[in-house]
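The block underneath contains the structure these notes are about, expressed in structure tokens.
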Amino acid sequence: MTNNENPSNPRSLIPDTVRADTAPHHTAEQNIIDGRKATAERARARKENPFANDVGPKAAGAKALDIGALRAEVKDARGADGKYDEAKVKAASGASVFHVKGRLMRNAPTGGLTFLKVRDRTGELQLLASEASMGAEYTRLEDLDVGDIVEAEGTLVVSKRGELSVEPTRVRLLTKAFRPLPEKWHGLSDVETRYRQRYVDLIANPAAAEVFRARSHIVRAMRTVFDEAGFLEVETPTMHTLIGGAVAKPFNTHHNALDMNLFMRIAPELFLKRLVVGGFERVYEIGRCYRNEGLSTRHNPEFTMLEFYQAYATYEDLMNFTEVLLRRIDGELARVMPETHAKWKTERPFTIDVPFMRVPMADAVRAGAHKTGIPAWIEASDRKSDRKGENESGMGLVAFLKPDFVDHMKEWSKTSPRAKAVDWGNFRKGFLKCENDGERLFCCYEYLCEPFLPEDYKDAQSGKSIPIFIKDYPYETSPLARRNDARPELVDRFELFVHGKELCNAFSELNDPDDQAARFRDQVDKKQKGAEETMDYDEDYIRALEYGMPPAAGFGMGIDRLTMFLTSSQSIRDVILFPLLRPEHG
RNA sequence: GGGCUGAUAGCUCAGUCGGUAGAGCUGCGGACUUUUAAUCCGUAGGUCGCGGGUUCAAGUCCCGCUCGGCCCA
């Protein structure tokens, strides 16, 4: 806790609802809060602490267990239908007294018998309380509200419906919850409140909490895979003096003591490759990156990226490895949370169970051109390009479009439903802005292929889309990637698209310092011509390459997006605990 | 930044042509010894996001603003 809160902040740090003494609000919520505070005061009057710390069983020999561990003790008493057999429970647990603690999720009296439900991090357990088991303390249950943190101890019994329950001799308030939880049936669905008050979301929506558990498992499984393969996990700076490693706008910050402007990193790439120079032949980093861009269902300004670099590997090796990695992670998810995973898996519009597609970008563009049914495009994309040494498929279309694109747009767009579905306005805008044929090919890919990937590459059996590696990018779009030995106009690079959305970006690394220096100079030229998103010239990185970086391949993947895919989440905000939002009070 | 769309009780939502603000859950009081969205009876709970305008009359129509959501850049 810091004590240097800015006194100039015009907004009070204390919300109205907890200033009830000075500014009472006669709202329904405030009435509930007042009532719960009064309950806490009554407990204090009885010398009981409504924020107790002395947790633990009172009975000698009682077992203090997590709910999951408690269930494991009597797992053999559970039938195939999920119901417990009372005799078997008694046989397994005998007269043992169990102690559990957690959040009270239900408090339902039916006269002399009260059903309560306690939830801890491992599960939920019913308490079956009666006057017979609790004596005079039974009436005290009235003071417990849903949301309170409680402890209870007693023997195991089975309810008439076959539910494993603790018959408590004691149920005690540990922490009073002043605020009511959202409604039990619909939960909390207001997305704004879910993001702003994630703590409530996590309590009220178990499905939301499951996504974040999955995220943790995903990252751990990933580390296991890399550690087993002999990779070293490292941490490199997140505050950079130069912009590098990706094409994006950075956040600016400032170091006071050195009076130095800094950029929050947009990618760790150039530092990790320095480590490859240093002899760490296999390194990876999982860390936060920052990009000063708009927000969307797929973009948060800060996000988590995995990057790894492997000496003596090529981008072909990494394609194989990517498939292994994703299946290993998904398999681990299936192992640790089988039921939730099965639900997510059926919801997925894609499958990772079949081999991924591998398509050179130029071939994808040629196929995309054919799909539009525009005769001139088909003819052009089948034609050999006049550019020497050029690949012969997609480049034909680029050569054809370059001189007169705009004039024919209306006519082309009417050729077929597929042609009509093309975003012609932005395609034109993007194409005309391109400075070279490489960028033009990439632009054709973006508008003619990428939006249609899910429908064009499908698994016949399941009807689900197949992840696809688009490979062999034009060198102009990839300033850090190695040129293809046979076709220097291309780089040995791929991106993995899952259901049409980019997940990974990888390439064989450019380790020729002179070529890298030339690419940096191109970037600087672009900036001088007004381009906003360019890399800086990194002299030290060139110097590092001059010491010799072994041939290597590198890989980047958004952890947030991976989590979205695997947990069937529709928005990146559903996989980031505290996504960036505007301040609540304007 | 642009288009569309939303904000009504603590939560989930209705609210028709502009005419007294509604329900369920929650809360509070009561009944109930096998519930699990418990049930039954009673009862309380509102700055209709904020500001302006039109009107005899605005949750409703108009304008602006704030904060979201979806799509696009």
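In what follows, chains are A, B, ... by sequence order, proteins preceding strands, each numbered from 1.
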Counting only side-chain N and O atoms of [X], is one of them less than 4.0 Å from OP1 or OP2 of [N]?
{"X": "A:Ser165", "N": "B:rU35", "answer": "no"}
{"X": "A:Lys184", "N": "B:rA38", "answer": "yes"}
{"X": "A:Ser189", "N": "B:rU12", "answer": "yes"}
{"X": "A:Arg106", "N": "B:rA38", "answer": "yes"}
{"X": "A:Arg161", "N": "B:rU34", "answer": "no"}
{"X": "A:Thr193", "N": "B:rC11", "answer": "no"}
{"X": "A:Arg582", "N": "B:rG69", "answer": "no"}

Practice problem: For RNA chain B, just give me the dot-bracket, please: Watson-Crick or G-U, both distances below 3.5 Å, ( ) intra-strand, [ ] crossing earlier pairs, | paired with another strand, . unpaired. | Solution: (((((((..((((.....[..)))).(((((.......))))).....(((((..]....)))))))))))).

Quiz item: Which residues within residues 419-429 of chain A lie with some heavy atom under 4.0 Å of an atom in RNA chain B?
Solution: A:Asp423, A:Asn426

Could you work out which one of [options] sits closest to the side chain of [X]?
{"X": "A:Ser159", "options": "B:rU34, B:rC71, B:rU12", "answer": "B:rU34"}
{"X": "A:Asp145", "options": "B:rC28, B:rG10, B:rC11", "answer": "B:rC28"}
{"X": "A:Glu163", "options": "B:rG68, B:rU35, B:rG45", "answer": "B:rU35"}
{"X": "A:Phe115", "options": "B:rU35, B:rG69, B:rU12", "answer": "B:rU35"}

Quiz prompt | Integer angstrom distance from the C1' of B:rA37 to that of B:rG29 | solution = 23 Å

Once you apply a heavy-atom cut-off of 4.0 Å, does [X] come out as touching a base, just sugar-phosphate, or nothing?
{"X": "A:Arg573", "result": "sugar-phosphate"}
{"X": "A:Gly187", "result": "sugar-phosphate"}
{"X": "A:Leu181", "result": "nothing"}
{"X": "A:Arg36", "result": "nothing"}

Practice problem: Name the residue closer to the 5' end of RNA chain B, choosing between A:Trp185 and A:Gln570 according to the nucleotide with the nearest heavy atom. | Solution: A:Trp185

Quiz item: Which residue, A:Tyr195 or A:Pro109, contacts RNA chain B at a nucleotide closer to its 5' end, judged by nearest heavy atom?
Solution: A:Pro109

Exercise. Check A:Tyr138 against A:Glu131 and note the closest heavy-atom contact, atom names and distance.
Key: CD2-CG, 3.3 Å

Hydrogens and angles aside, do [X] and [Y] bring a side-chain donor and acceptor to less than 3.5 Å of each other?
{"X": "A:Gln30", "Y": "A:Asp34", "result": "yes"}
{"X": "A:Thr340", "Y": "A:Glu210", "result": "yes"}
{"X": "A:Tyr195", "Y": "A:Asp201", "result": "no"}
{"X": "A:Glu183", "Y": "A:His186", "result": "yes"}
{"X": "A:Arg348", "Y": "A:Ser568", "result": "no"}
{"X": "A:Ser569", "Y": "A:Arg561", "result": "no"}
{"X": "A:His299", "Y": "A:Glu293", "result": "no"}

Quiz item: So, is B:rC40 syn or anti if syn means the angle is within 90° of 0?
Solution: anti

Exercise. Kindly assign one of parallel, tilted or perpendicular to the pair A:Phe431 and A:Phe427, based on the angle between their ring planes and the thresholds 30° and 60°.
Key: perpendicular

Quiz item: Ignoring hydrogens and angles, are the base of B:rG24 and the side chain of A:Glu183 linked by a donor-acceptor pair under 3.5 Å?
Solution: yes

